[in-house]
2 protein chains.
Amino acid sequence: MDAKMSEISEDCFDCFFKATCNKSISEEDFDFLFQSTIQQKFKKGEIIFKQGMRTSYLMYLLKGKVKFNFEDENGKNLILSINKAPTLLGLANILNEEINIFSIIAIEDCRGCLIDLNNLKMLAINNKLFMMNVLKMSTDLFRSSILNFISLAHKQVNGRIADILLYLSKNVYEDKLFTLTLSRQELAEFAGCSKENVIHTLRNFDTDGIIKVSGKNIEIINFERLQKVSKSG
Amino acid sequence: MDAKMSEISEDCFDCFFKATCNKSISEEDFDFLFQSTIQQKFKKGEIIFKQGMRTSYLMYLLKGKVKFNFEDENGKNLILSINKAPTLLGLANILNEEINIFSIIAIEDCRGCLIDLNNLKMLAINNKLFMMNVLKMSTDLFRSSILNFISLAHKQVNGRIADILLYLSKNVYEDKLFTLTLSRQELAEFAGCSKENVIHTLRNFDTDGIIKVSGKNIEIINFERLQKVSKSG
DNA sequence: TTTAAAAAGTGAAAAACTCCATCTTTTTGA
DNA sequence: TCAAAAAGATGGAGTTTTTCACTTTTTAAA
């Protein structure tokens with residue numbers, strides 16, 4: 001136990017999840033939750049939640065980035081969202097204990113805490129404020145995915161790629177210059193288009209001086225024009 | 001009061017919302033909720049929840065059908081979902097009292113009960129089971145819209161229209177033969193394509209003997225082939 | 001370090017889709 | 001019940017996007 005504690009104490013010390021919890025539950029309740037958590041590592045490409053399976057835990061992602069991936073009947077993939085730590089994953093399963101409708105997959109090395117869903121539910125049922133907080137996180141996720149979806153559903157590829165670049169820069173890499181942890185194929189699965197189309201579009205944006213592409217490195221040079229492309233769709 | 005009661009009593013007698021509520025709250029609590037409800041009619045085309053506005057109520061839709069409509073910066077519309085009574089509308093606003101991200105608009109004459117959100121919240125906070133029930137409805141909606149998104153986000157128009165026809169037949173009109181309460185333009189806004197494309201596709205499906213189109217009347221003749229078109233995308 | 005495999009990139013043909021102009025039919029309201 | 005407006009339908013030109021066949025570059029593993 002000591003070994004476990006010392007290994008993860010530095011993370012736990014400023015864990016955002018703990019901070020959020022402690023706003024609404026007591027130290028003792030958090031310890032109860034904490035007892036059952038296991039810290040776990042995932043390599044790039046590893047599946048954290050698997051589409052079609054049931055899971056009995058949430059994961060609080062401490063480090064790394066993940067994709068929400070849906071695979072259809074023909075084996076084609078669609079990326080629903082890209083998210084970075086810190087974030088709570090698996091919320092869609094809190095209330096309806098149905099099977100996962102999509103996978104969550106590490107797109108770079110990740111580390112997180114698995115939180116037992118039954119324990120969390122037990123706390124939530126007995127603590128209104130805590131339940132409100134957890135569910136607010138859940139509905140926030142819903143809102144952001146709707147906006148994501150809307151953007152993709154009725155723009156042309158130029159606008160969709162522009163949206164994705166803006167999204168990645170603002171919400172995932174948090175810089176105008178970033179090194180992609182996604183392949184061109186994955187960008188295509190995010191934009192709902194072909195790989196070639198992604199490559200052509202990125203090159204066009206580069207030629208137009210909107211971005212600077214060099215392999216996996218992308219720099220957004222002209223935000224305004226990129227936003228204009230996003231708007232005009 | 002008597003007038004009000006008598007006017008709506010027949011609906012209330014077998015109201016599904018009341019039935020759902022009474023599983024988890026007492027008669028008195030339901031009456032408290034009921035006191036503040038107002039039955040309201042909406043004509044086809046009228047806006048029930050308006051994008052960009054705050055609302056302080058939910059609506060339990062007793063009769064009619066609605067569309068979830070998102071309007072973008074350029075005035076283009078996207079239909080996120082079509083839903084029929086009975087259903088509870090406005091759940092996305094329970095926790096986060098932010099502005100509505102989309103409108104909900106009647107696509108045929110509707111009738112429903114407006115339920116005061118504050119009263120409902122007050123009950124929910126004091127009754128865990130009731131809260132669970134209401135929030136389960138909310139997350140169910142989330143699940144079904146994700147599936148909707150996925151279907152639309154990476155299929156070609158043939159597959160998208162096939163999906164829409166199957167969805168309308170199964171979940172909205174509940175018959176293989178139905179009279180559309182949507183225009184071709186609205187179908188296009190649901191499928192994320194042009195009006196002309198909808199018309200062509202419907203005609204092709206008709207020519208191929210998959211469906212029978214006659215104005216607003218549509219009959220699905222060959223479910224298997226329609227499902228095949230949906231799968232092949 | 002070499003080699004095999006995966007990813008990135010290219011260009012052109014084919015397919016899918018939109019946009020436009022125009023016409024017909026249906027709906028709506030004075 | 002008639003006229004105006006809205007919705008539906010049509011076909012073709014032009015654009016967007018996919019698909020394919022292929023080359024080059026990068027990555028990972030023996």
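Letters A, B, ... mirror the listed sequences (proteins, then strands); counts begin at 1.
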How many whole angstroms separate atom [atom1] of [X] from atom [atom2] of [N]?
X	N	atom1	atom2	result
B:L202	D:dT10	CG	P	11 Å
A:K155	C:dT18	NZ	P	16 Å
A:K195	D:dT18	NZ	C1'	12 Å
B:E196	D:dT15	CD	C1'	14 Å
B:N197	D:dG12	CG	P	17 Å
B:N217	D:dA7	CG	P	18 Å
B:E186	D:dA7	CD	P	8 Å
B:I199	C:dT25	CD1	C1'	12 Å

(message) Heavy-atom nearest nucleotide on DNA chain C for A:V213 versus A:Q156: which residue maps closer to 5'?
(response) A:V213
(request) Taking only the side-chain nitrogens and oxygens of A:R203, find out if one of them lies under 4.0 Å from OP1 or OP2 of C:dG11. (result) yes
(message) With a 4.0 Å cutoff (strictly under), does any side-chain N or O of A:K216 reach OP1 or OP2 of C:dA8?
(response) yes
(request) Given side-chain contact (heavy atoms from CB on, under 4.5 Å), test A:L88 with A:L58 step by step and report yes or no. (result) CA-CA 7 Å; A:L88 192 57; A:L58 293 182; 4.2 Å; yes
(request) Go through the side-chain N and O atoms of B:S103 and B:N69 and say whether any donor and acceptor fall under 3.5 Å apart. (result) no
(request) State, without any angle test, whether A:T181 and A:Y173 hold a side-chain donor-acceptor pair at a distance under 3.5 Å. (result) yes
(request) Compare the minimum distances between each of C:dT18, D:dG8, C:dA8 and the side chain of B:C193, then state the nucleotide with the smallest one. (result) C:dT18
(request) Side chain of A:S183 only, please: which of C:dC17, C:dA7, C:dG9 is the nearest? (result) C:dA7
(request) Would you mind telling me which residue lines up with the more 5' stretch of DNA chain D, B:L182 or B:H200, judged by nearest nucleotide? (result) B:L182
(request) May I ask you to test the A:N204-A:N158 pair for a side-chain heavy-atom distance under 4.5 Å? (result) no
(request) Would you mind reporting whether A:Q39 and A:L62 have side-chain heavy atoms less than 4.5 Å apart? (result) yes
(request) Would you classify A:S194 as touching base, sugar-phosphate or nothing, given that sugar-phosphate means primed atoms plus P, OP1 and OP2, and contacts are heavy atoms under 4.0 Å? (result) base
